[in-house]
Structures are given as C-alpha cells and as structure tokens.
Q: 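Pasting a structure below so you can have a look.
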Amino acid sequence: MIDITLPDGSVRQYASGVTGMEIAQSISEGLARNVLSISVDGNVWDLSRPIEESAAIRLHTWNDPEGKATYWHSSAHLMAEALESLYPGTKFGIGPAIDNGYYYDVDMGEETLTPADLPKIEQKMLELAKEKNVYQRQSISKKDAVQYFNEKGDEYKLELLEGLEDGQITFYTQGQFTDLCRGPHIPDTSYIKAVKLMSLAGAYWRGDEKRKQLTRIYGITFPKQKELTEYLELLEEAKKRDHRKLGAELELFMFSEKVGQGLPIWLPKGTQLRERLQNYLREEQEKMGYQMVVTPHIGAKQLYMTSGHYAKYGADSFQPIKTPKEGEEFFLKPMNCPHHCEIYGHRPRSYKELPLRIGEFGTVYRYEQSGELHGLSRVRGFTQDDAHIFCTVDQVKGEFLQVLELTTKVIKMMGFENFTAQISLRDPANPEKYIGSDANWNAAEQAIIDATKEVDLVTTTVYGEAAFYGPKLDFMIKDALGRSWQLGTIQVDYNLPERFELEYIGSDNQPHRPVMIHRAPFGSMERFISILIEHTAGKFPLWLTPDQFAILPISDKWIPYSEGIKAKLAAEDIRGFIDDRAESIGRKIRDTELKRIPFMLIIGDKEAEKGEVSVRRQGQGDLGSMSIDQFISMFKDQLEVTS
RNA sequence: GCCAGUGUAGCUCAGUUGGCCAGAGCAGCUGAUUUGUAAUCAGCGGGUCGGGGGUUCGAAUCCCUCCACUGGCUCCA
C-alpha cells in the first residue's frame, strides 16, 4: 500500500500502481467525470499512469490552469491528427498549450493554409474527437524514436530528439497520430466538444529568425459549446475596448500615412488627457525633489558613441541627419539619458547635491520594424516620463525604494490592479550583449533584488531582458486582448556614469563616481494611455476626462440659462460644454453617452423655473433634479473618490 | 524585416462568374422642427474603388509591384 496525500492534507491509502483516475473515482463520481490530469509530487501526469510510491497529489479539472493546459495540449495533438489526415506529409514542430488555447507549428511544404481552410480542419477535429481515441503513453528508446521520425521524414522532431536523453523519451498516440511528447494528456479525445481555430501566423523554428518560418495555427477548445460561444463573445467585447478604435471614436489621437507610420498625432482631447497625466506626475515628482529639464530632439553622433547606444543600435536606428555643408552627423534622440548625463557633467558636482533628480517629458524616436507597430502601444515616436537620478552608492537603495513607491502608486491610482513586476537581468549565455564590468552588473542586479524583497513586491525574474547598460525592474500590464505590455520601468546603472566620466567630490575631497537610476513610472505617455483607454473602455477617471459635463438644453430657449450654469461650474474648475444643436433631447443624450462624458445636465422648463439642473450620469442614467450647488458638491465628492 | 490576411465616401459595410454613369446607413451641409432622459423630418453634396504598372474591347473585380493596416513571429535602448 502507498500513502496518497490530498491537497487538504488528508492521507488515503491505495494499492501501489493506483492511477489518478482511480483515485478520483474513489473520491466522487463527479470528480472522476471532470478530472483531466493529476499532479504527483508537483509533476503533472496522465490519469492512467500508475502511481507506484507514496506521493502528494492534486487532481486537475477544467477549473485550474494545469487542467486547462492538459486539455489544450491534447487539443493540439488532435489538431495535428486532423492536419496529418487532411494534409499528408505535414511536418510538426512544437504544439504547446498557451494562456488561451494552444498552437502547433507545422511545415506543410508547398501547401499554404489560408483562413478559409480552418473550418475544414475544425470539422475534422470534431470528427476525430467523436472517435473517443485514447491518448496512449509509451516509453521509447532514443534509437527507436529517431528511426520513427527518420522514416516519417520529420526533421523538426529529429532535432528535438537531439536534445533529449535516452530513457526519458515518450511517445503519445491517439487514433492514427503519434507524437514525440512529454505529456501529460487527457484520457481520450471525446472530452473535446467545441473547437475553434483562431488564426494563422508565421513563426520561426525555435524562435530564430535565421531559420525556417513555419506556419503556426492558433486554436482553442472547450468541453462545452456554450463555453466557446461565451469566449468568442468575450473577445468581441474586448475588441470594442481596443484603444485604436476608441482613440478614433473619442478623437484622442490619429495616424496619417503622410506623416508616417508609427507616428501618433495627438488631437485636442487626447492632448488634454495626456497633459493632465503629465501635470499629475510633475506635481508628485516635485514633492520628491525632481527638477525638470528640456533637451533637444537630436544629438550629435559623438554623444551616442560615448553612451554606447551607437555601437548597440546605430545600425538599427533612424539614420543620421547631416548638416548640409559640414556633413556633421546627428541622431534623432532615442533616449534621454545621454543628454541628462551631460547636464550632470556640465560642472563639478558636490556630494551635497546628491541625489540629483533630473526629469523630462522627453520625446524620443526609435526605428521599430514595420511589422511591430501597434496603435499607441508600439510606435516610432513617443514621450517618456523620464528621469535620471544621480546618487552615491549608499543612496541607491533609498532612491530605488522611493521610485518604486512612486511607480506602484501611479499604477494603482489608475486602477491597474493586475500588473506584474519583472526583474530583467543579463543573459548569462550572451555576455557580449552588455557593456560594463561584472562587478558593476552584480552590484546593480543585487540592488534591484534587495529593494524588491524589502517591500515584498512579488516579482518574476527573466534572464536576458536587461537593457545593455543595466538590469531593470519592469511593470507589465495586459491590454484588452490579454497581450502584455511593459509600462513603468526602473533601471540601476553603474555603466553610463563611467562612460561619461561623471564624478562628484565627496566629503573626503576626493572624486567619486555616482550611480544612475533611470526610471519612468508611466513608461511612455503613448503606451500608458493605450492601456488606460482599454482598462477604462474610454470612461476615464473624472479628474482626467477631457469633458466632465455636457449641458443639454431641451430647447434653445434655455441656452442663456445654460450659459449661467456653465459659468458657475467653470468657476469651480469643472469643465464642459453646452450642446446647443437644434436636436432632440434624446439625440443629445445618446451622443453624449457615446462620447463617455460623465455628467449630462439637462435643462428645460422645470429646471429653469426651480433654478435646478437635471443630472444624468453616463452609463447609469437619470439621477434626478438638484440645485447647481448640490451638483457641484456631488461632483466634488466623486472627484475625490476617483482621484 | 518575415508569414498570412485586409484595403470601396469621414465611419460601418453592399457591390453576382470582369460588362451600362459605383450603392446603402450613419456622419457632414442646407432647410424645417423647439423637442423631457440613448437616433425628429426632408433635401443636397461627397468616392483618383490604397498608389503605380499590366492583361482585356472593357477592371473595384484578374496579374505584378509599392504603401498602409490587422493577427502572429523576430526585435524592443
């Protein structure tokens, strides 16, 4: 007998060789119907795999991530079977489960798939699913595995096999399809009831752009048709929140082919929004001792040679602008830090000046590959809420913590609760990608790790994501469609001060090298606002929204009265306009609702007689009639709640 | 940059296998209406069918090429 420990800590005894499915059945029929896979001492297994020794287990259903992952991975195999049956000779790369579904990378030779082919594959999958084919696990020797894929002519699987050790190789077979796979899988294909192939994309084999591009097919499956329908509806809803769509509808920003791709143009309403955000941050930063500066949009080549940006990005940036007679070369500013280093270094500095916090809403220009551009999230010209803190080694931690506090405050104030913090460190395998000494890097990386620990910030650590001059702490947030974007960033840098030979005179009357902290709580105004739009669906916080009210006179007889109301509100710094069009009140309300203007003040005979306004809240409806003073006080209450 | 797809009026979309002057709704303009909580009525104007080239008696429709956009991949100081 073996001891099986359940998640609640209770221990049950089973005969050695018991399977996950048998355990589930012994607990309840319902569980046995719904269970998809099992964790045995932390490793996810098939339900049919015998458990030989005592272990702690967790049974996974559709309701946990491991269960979904098993389900979707099995769905990828089902899709592969369908592809092999419809397109014999298809070669397979990898086919993992992802956050929402799965994909499989395939090489179809001369054949090209188009979206029109997808329904046919979906049909085949459903057909095969009904066969209730069992996912059969089989251990296989490396030699036999190599022979199998040699005969099949699948060089991708053969390459994957090269990285595997003999004795640890397993095949899974369902129906007519056999795949090299670690598993685990759901019991059989009949669990898969609803299938949708979402999209086709090119994907480089092993993520290497020098290698062949395979066809990636994204799909998702569900145990119930209803769940698929709901998922697709959710996607439709998310698309309505897309900042590119709302940005156009609310007239926040635009793009123009003539101006150039990836170069956002801010319209008056968007500019208002952006400047309010900047003013907010400016005030917060002034409280913290920041000093604002303004630097030019271009810089001489030498500046970027000194900073190292030229060596790293010179070939992949906008190419230099040259003076017509002298041929001097200037680059569009891709970063503000070199300019700020020059500000630091323009005269001798004393330790008494440190920490020196230099801030700038600096507009920078970077060449991004055309296929990468995306609304406001990925552009070629954008404004960073940038600042560089020059401080002593001893001050690094304190400064870092202050920046961390500011950044999390900003993120939380905007209501972005679902952010993740990522520590981005060097890629140990590629030291040539970075400048500076190991000692500098170690100090910088340790500073970030220590500071995040001190405030108990939950972080993930990713190697290879550091900037070339230093490690970063990045704040990641998802957009409406679940894509993750980096917003705020904090970077500790020992290297640029060295390259710019920055110094300060210490209390010992000796020169010392300062440390630099790069930081941008929003990241860029463009990307931050793109996320803000998607998270609020265009219903911005009251303090930020371009128009806070619209006065809707029922007939133009009440326009003069409306003017008076508007003036009273303006005196209280409440902004808005009068809709004086000769339209019906229903029409005015509809248009104002669609513009996401928070308050509608409706004025007709009744209100004017009593000296009141009838208040309607966007998205909520009629709040009834009240005096203008009552409205002002209600407005101010809400202003505080949302700010 | 790469793979796949899309591009018709300011917006959303129709335009059969290539065939008379390219259509609709909304928006816009003009006029009428003076309205009570999500679209008042009528009239009018508006399109190099993304650009260029080609095939054809004839191209929005077929082919080539460039541009932009969408979904991914790679990249992201």
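Everything quoted here is computed from the prediction, not taken from an experiment. Letters A, B, ... are given to chains in the order of the sequence lines, protein chains preceding strands, and every chain is numbered from 1.
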Q: Can you tell me how far P of U34(B) sits from NZ of Lys588(A), to the nearest Å?
A: 14 Å
Q: With sugar-phosphate meaning primed atoms plus P, OP1 and OP2, does Phe255(A) contact a base, only sugar-phosphate, or nothing at under 4.0 Å between heavy atoms?
A: nothing
Q: Base, sugar-phosphate or nothing for Gly586(A)? Non-hydrogen atoms, less than 4.0 Å.
A: sugar-phosphate
Q: When the P atoms of G15(B) and A32(B) are compared, how many Å lie between them, rounded to an integer?
A: 40 Å
Q: Hey, which of these two, Thr114(A) or Gly262(A), hits RNA chain B nearer its 5' end, going by closest nucleotide?
A: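 Looking at the nearest nucleotide for each, Thr114(A) comes out on the 5' side.
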Q: Whether Gln213(A) contacts C2(B) is assessed here as follows: a side-chain N or O lying under 4.0 Å from the phosphate OP1 or OP2. Is that the case?
A: no
Q: Is the Tyr102(A) to Tyr218(A) ring centre distance short of 6.0 Å?
A: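 Aromatic pair excluded; centres sit 6.0 Å or further apart.
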Q: Check every strand shown and say whether Glu583(A) touches a base, only sugar-phosphate, or nothing at a heavy-atom separation below 4.0 Å.
A: base
Q: One pair to check against ring-ring contact (aromatic ring centres under 6.0 Å, His included): Phe92(A) and Tyr104(A). What are the steps and the verdict?
A: CA-CA 7 Å; Phe92(A) 295 90; Tyr104(A) 218 124; 5.3 Å; yes
Q: Nearest 0.5 Å please: distance from the CD atom of Gln384(A) over to the NZ atom of Lys333(A).
A: 8.5 Å
Q: Between P on C69(B) and NZ on Lys245(A), what's the gap in Å once rounded to a whole number?
A: 18 Å
Q: Measuring to OP1 and OP2 of C2(B), would you say a side-chain N or O of Arg211(A) lies under 4.0 angstrom away?
A: no
Q: Using the P atom as the reference point in each nucleotide, state the distance between G23(B) and G28(B) in Å, no decimals.
A: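 Those two atoms are separated by 23 Å.
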Q: Sticking with atom C1', work out how far A9(B) lies from A60(B), rounded to a whole angstrom.
A: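 Rounded to whole Å, the distance is 14 Å.
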Q: Could you check whether Ile554(A) gets within reach of a base, just the sugar-phosphate, or nothing at all, counting any heavy atom under 4.0 Å?
A: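 Since a base atom lies under 4.0 Å of Ile554(A), the category is base.
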Q: Taking the side chain of Tyr469(A) as its heavy atoms from C-beta onward, which of G72(B), U34(B), A77(B) lies nearest to it?
A: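 Of G72(B), U34(B), A77(B), A77(B) is nearest to the side chain of Tyr469(A).
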Q: Mapping Gly624(A) and Ala201(A) to their closest nucleotides on RNA chain B, which lands nearer the 5' end?
A: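 Closer to the 5' end of RNA chain B: Gly624(A).
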Q: Check this for me, if you would: do Lys557(A) and Asp605(A) make a salt bridge, where the nitrogen-to-carboxylate-oxygen distance has to be below 4.0 angstrom?
A: yes
Q: Return the value, rounded to whole Å, for the distance between atom CG of Leu200(A) and atom C1' of U70(B).
A: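 In whole Å, U70(B) C1' lies 13 Å from Leu200(A) CG.
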Q: Taking CG from Asn430(A) and P from C75(B), how many angstroms apart are they, rounded to a whole number?
A: 11 Å
Q: Just the rounded figure in Å: distance from P of U37(B) to CD1 of Ile551(A).
A: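 Computing the Ile551(A):CD1 to U37(B):P distance gives 19 Å.
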Q: Ring pair (Phe, Tyr, Trp, His ring centres under 6.0 Å) with Tyr204(A): which residues, sequence neighbours excluded?
A: none
Q: Should Asp547(A) and Lys269(A) count as an ion pair when the cut-off is N to O under 4.0 Å?
A: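 Between Lys269(A) and Asp547(A) there is a salt bridge, with a charged N closer than 4.0 Å to a carboxylate O.
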Q: Would you measure the distance from the P atom in U65(B) across to the matching atom in C75(B) and give it in whole Å?
A: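 It comes out at 28 Å once rounded to the nearest Å.
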Q: Under 4.0 Å, heavy atoms only, any strand: does Arg378(A) hit a base, just the sugar-phosphate, or nothing?
A: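 Result for Arg378(A) = base.
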Q: OP1 or OP2 of C69(B) versus the side-chain N and O atoms of Gln261(A): is any pair under 4.0 Å?
A: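 Answer is yes, contact under 4.0 Å.
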Q: His518(A) near the nucleic acid: base, sugar-phosphate alone, or nothing, with a heavy-atom cut-off under 4.0 Å?
A: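 No contact.
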Q: Lys210(A) NZ to C2(B) P: how many Å, rounded?
A: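 To the nearest whole Å, that distance equals 15 Å.
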Q: Tell me whether the side-chain N/O atoms of Arg581(A) come closer than 4.0 Å to OP1 or OP2 in A39(B).
A: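 No, no such contact exists.
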Q: Taking the ring centre of each residue, are Phe522(A) and Phe361(A) less than 6.0 Å apart?
A: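 Phe522(A) vs Phe361(A): aromatic centres not under 6.0 Å.
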Q: Rounding to an integer number of angstrom, what distance separates G19(B) and C62(B) when you compare their P atoms?
A: 11 Å
Q: Which residue, Arg616(A), Arg617(A), Lys539(A), forms the salt bridge (Lys or Arg N to Asp or Glu O under 4.0 Å) with Glu593(A)?
A: Arg616(A)
Q: Counting side-chain heavy atoms from C-beta on, which of A77(B), G36(B), G1(B) comes nearest to Ser370(A)?
A: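 Of all the options, the side chain of Ser370(A) is nearest to G1(B).
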Q: Report the C-alpha distance between Phe635(A) and Phe549(A) in whole Å, list the side-chain angles of each, state the deciding distance to 0.1 Å, and finish with yes or no for ring-ring contact (aromatic ring centres under 6.0 Å, His included).
A: CA-CA 10 Å; Phe635(A) 182 92; Phe549(A) 67 84; 7.8 Å; no
Q: Is the number of heavy atoms from other residues, nucleotides or ligands under 6.0 Å of Gln319(A) CD greater than 12?
A: yes
Q: For a quick check of understanding: with a heavy-atom distance under 4.0 Å over all strands, which category does Asp605(A) fall into, base, sugar-phosphate or nothing?
A: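 Base contact.
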Q: Round to a whole Å and report the spacing from CG of Leu235(A) to C1' of G71(B).
A: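 In whole Å, G71(B) C1' lies 12 Å from Leu235(A) CG.
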Q: Just to be sure I follow the notation: if a pair is Watson-Crick (purine N1 to pyrimidine N3 plus N6-O4 or O6-N4) or a G-U wobble (N1-O2 and O6-N3), each under 3.5 Å, what dot-bracket string does RNA chain B give, with | for pairs to another strand?
A: (((((((..((((.....[...)))).(((((.......))))).....(((((..]....))))))))))))....
Q: I want to check one thing: is the phosphate of G71(B), taken as OP1 and OP2, less than 4.0 Å away from some side-chain N or O of His374(A)?
A: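 The answer is yes; a side-chain N or O of His374(A) sits under 4.0 Å from OP1 or OP2.
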Q: Taking any heavy-atom pair under 4.0 Å as a contact, classify Ala582(A): base, sugar-phosphate, or nothing.
A: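 Here Ala582(A) touches the bases of the nucleic acid.
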Q: Select one nucleotide: of C73(B), A4(B), G36(B), the one nearest the side-chain heavy atoms of Tyr204(A).
A: C73(B)
Q: Should Ser584(A) be listed as having a side-chain N or O under 4.0 Å from OP1 or OP2 of U40(B)?
A: yes
Q: Looking at Arg616(A), does any N or O in its side chain come under 4.0 Å of the phosphate oxygens OP1/OP2 on G36(B)?
A: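 No, outside the criterion.
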Q: May I ask you to say what Glu257(A) touches in the nucleic acid, namely base, sugar-phosphate or nothing, with a heavy-atom cut-off under 4.0 Å?
A: sugar-phosphate
Q: Determine whether the aromatic ring centres of residues Phe390(A) and Tyr344(A) are separated by less than 6.0 angstrom.
A: yes
Q: Under 4.0 Å, heavy atoms only, any strand: does Gly207(A) hit a base, just the sugar-phosphate, or nothing?
A: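 Sugar-phosphate, no base atom in range.
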Q: Using OP1 and OP2 only, check whether a side-chain N or O of Arg244(A) sits under 4.0 Å from C69(B).
A: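 Arg244(A) to C69(B) OP1/OP2: no side-chain N or O under 4.0 Å.
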Q: Answer with base, sugar-phosphate or nothing: what part of the nucleic acid does Thr112(A) contact at a heavy-atom distance below 4.0 Å?
A: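 Contact class for Thr112(A): sugar-phosphate only.
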Q: Taking atom types as they are modelled, is there a donor-acceptor pair under 3.5 Å from the base of G36(B) to the side chain of Glu607(A)?
A: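 Answer yes: a donor N or O sits under 3.5 Å from an acceptor.
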Q: Indicate, with a heavy-atom threshold strictly under 4.0 Å, whether Ala203(A) touches base, sugar-phosphate, or nothing.
A: sugar-phosphate
Q: From the options A38(B), A77(B), U33(B), select the nucleotide whose nearest atom is closest to the side chain of Ser317(A).
A: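 Nearest to the side-chain atoms of Ser317(A), counting from C-beta on, is A77(B).
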Q: Pick the C1' atom in G47(B) and in A14(B), then give their distance to the nearest Å.
A: 15 Å
Q: Over how many whole Å does the gap from Leu623(A) atom CG to G36(B) atom C1' extend?
A: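 Whole-Å distance recorded here is 16 Å.
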Q: As an exercise, state the distance from CD1 of Ile490(A) to CZ of Arg519(A), rounded to the nearest 0.5 Å.
A: 8.5 Å
Q: OP1, OP2 of A77(B) versus side-chain N and O of Lys472(A): anything below 4.0 Å?
A: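 Yes, such a contact exists.
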Q: For atom C1', what is the distance between C63(B) and A42(B), given to the nearest Å?
A: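 The same atom, C1', in both gives a distance of 47 Å.
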Q: Between G31(B) and C13(B), how far is it from one C1' atom to the other, in whole Å?
A: 29 Å
